[in-house]
Amino acid sequence: MLEYNLPRYLPSAEELPDSDETPVDNELQELIPGLLKAILLILWSERMDWLFAIDMGIYYHPDKPPIVPDGFLSLGVERFYDEELRPSYVLWDENVVPIFVLEVVSQNYRKEYTTKLAEYEALGVFYYVIYSSRRRRKPHLEVHKLVNGKYELQEGNPVWLPEIGLGIGCERGNYCGVTREWIYWYNEQGQRYLTPAEQVKQETLRAQQETQRAQQEAQRAQQEAQRAQQAELRVQQLTEQLRALGIDPDNLG
């Protein structure tokens, strides 16, 4: 938690502005963190101790404007307050600094690699992730980890985040009908977690395979029943032939 002097009387989240009235620069700033949240909603569906917020203000002082990242993750907080949800993230109410913050660089550069890096470092955000698909000579995805109060750039793609229990990385894929490079969550072995659409497709394929196997089993059972009927018919025909020859098939031995 931050060490700073706060006023004696502190406003609640409901008393603070829940928007800085600044629109996002492009659609990717919503879709990229939206994909990460969508995967978490499935992956952590049974957990109620996390919050992934998109374009939500983080208030660290009542007299200063909030910091508004494109996305951030907090662990150890209530997932929902009530049906109204959170209007903003107020540190003196939550008592938990976000462990992960994401900034998606747009055409209008907003000092993600300088001023914002220093702000999140001072705030105590453990992982600061910056993504820019327009970079040519440097990695599109940068993961900065707070070590002894200073950010250190992490190597690799994906990068494992042990304090979160997930990896973060980027690769080409399809989301919302758009094929491009996206940011995904990964497991410790570096395997990418599926998007909701991919999971539906996988479950549909699995159900189709199960149906096909059941149909094949039913077909095999039907074939076995037909073979059994044919064998019984042959026995009956042979018995009748023996009786026609004056031989009692029951006394054969």
Side-chain angles (χ1 to χ4, degrees), residues 1-4 6 10-16 18-19 30-62 66-104 119-131 141 143-147 149 151 154 158-169 175 182-196 198-200 203:
M1 188 62 187
L2 284 177
E3 296 182 2
Y4 57 89
L6 290 173
L10 296 170
S12 64
E14 292 73 22
E15 297 169 305
L16 294 166
D18 60 2
S19 172
E30 296 181 10
L31 288 178
I32 288 176
L35 172 56
L36 292 176
K37 182 173 184 177
I39 296 173
L40 285 183
L41 286 170
I42 297 175
L43 195 61
W44 289 351
S45 61
E46 301 300 319
R47 292 181 56 175
M48 301 301 292
D49 63 343
W50 63 277
L51 168 71
F52 192 100
I54 299 172
D55 197 32
M56 178 183 288
I58 301 173
Y59 280 95
Y60 60 97
H61 194 286
I67 300 174
V68 187
D70 292 318
F72 70 85
L73 172 67
S74 283
L75 299 179
V77 299
E78 291 181 276
R79 186 164 162 192
F80 306 114
Y81 278 162
D82 53 36
E83 62 185 22
E84 296 299 323
L85 307 181
R86 285 175 174 84
S88 57
Y89 193 84
V90 180
L91 284 183
W92 55 86
D93 285 340
E94 305 285 353
N95 292 313
V96 176
V97 174
I99 193 171
F100 169 100
V101 159
L102 170 68
E103 290 285 359
V104 179
E119 288 178 343
Y120 293 128
E121 186 179 80
L123 196 64
V125 174
F126 204 75
Y127 287 106
Y128 174 41
V129 178
I130 314 171
Y131 175 75
L141 188 70
V143 179
H144 299 265
K145 182 177 181 178
L146 196 64
V147 179
Y151 277 135
Q154 306 299 294
V159 176
W160 178 244
L161 316 176
E163 295 79 6
I164 299 177
L166 295 170
I168 190 81
Y175 178 59
W182 295 98
I183 302 177
Y184 299 95
W185 298 114
Y186 294 77
N187 64 19
E188 194 168 3
Q189 290 70 45
Q191 298 171 323
R192 177 171 70 82
Y193 286 110
L194 300 180
T195 68
E198 289 171 338
Q199 292 204 26
V200 170
E203 291 297 327

Query raised in the report: How far apart are the C-alpha atoms of Leu36 and Tyr193, what are their side-chain angles, what is the distance that settles it, and do they pass the side-chain contact (heavy atoms from CB on, under 4.5 Å) test?
Result: CA-CA 10 Å; Leu36 292 176; Tyr193 286 110; over 6 Å; no
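Using modelled atom types, no side-chain atom of Gln154 and backbone atom of Val143 make a donor-acceptor pair closer than 3.5 Å.
In terms of the side chain to side chain donor-acceptor pair (under 3.5 Å) criterion, Gln199 has no residue partners (sequence neighbours excluded). Scanning for side chain to side chain donor-acceptor pair (under 3.5 Å) contacts around Glu94 gives Tyr81, Arg86, with sequence neighbours left out.
Using a 30° and 60° split on the angle between ring planes, Trp50 and Trp44 fall in the perpendicular class, above 60°. Ring orientation note: the planes of Phe72 and Tyr89 are nearly perpendicular, at an angle over 60° on the 30°/60° scale.
In terms of heavy atoms, Pro98 sits closest to Leu91 at CD-CD2, 4.1 Å. Taking all atoms of both residues into account, the shortest heavy-atom contact from Val68 to Gly57 is CG2-CA, 3.9 Å. Across all non-hydrogen atoms, the minimal contact from Pro158 to Gly190 is CG-CA, 4.3 Å. Contact detail for Met56 and Pro69: the closest heavy-atom pair is O-CD, 3.7 Å. Taking every heavy atom of both residues into account, Pro33 and Val104 meet most closely at CD-CG2, 4.4 Å.
To the nearest 0.5 Å, the span separating CD1 on Ile99 from OH on Tyr127 amounts to 7.0 Å. Note: Trp92 CH2 to Tyr59 OH = 8.0 Å, rounded to the nearest 0.5 Å. One finds the CG atom of Leu161 at 11.0 Å from the CD atom of Glu188 (value rounded to the nearest 0.5 Å). We find the CD1-OH distance between Ile183 and Tyr131 to be 6.0 Å, quoted to the nearest 0.5 Å. The CG atom of Leu43 sits 15.0 Å away from the NZ atom of Lys37 when rounded to the nearest 0.5 Å. If you take CG on Leu31 and CG on Asp70, they are separated by 11.5 Å, rounding to the nearest 0.5 Å.
For the pair Leu102 and Ile32, the minimum side-chain heavy-atom distance is below 4.5 Å. For the pair Tyr120 and His144, the minimum side-chain heavy-atom distance is 4.5 Å or more. Contact of the Ile39 side chain with the Leu35 side chain is registered, since non-hydrogen atoms from C-beta on lie closer than 4.5 Å. The shortest distance between side-chain heavy atoms of Leu166 and Leu40 falls below 4.5 Å. A 4.5 Å side-chain heavy-atom check between Trp185 and Ile168 finds at least one atom pair inside the cut-off. Residues Asp49 and Leu75 are not in side-chain contact: their nearest non-hydrogen atoms beyond the backbone lie 4.5 Å or more apart.
Among Tyr128, Phe126, Phe52, the single residue meeting the side-chain contact (heavy atoms from CB on, under 4.5 Å) criterion with Phe100 is Phe52.
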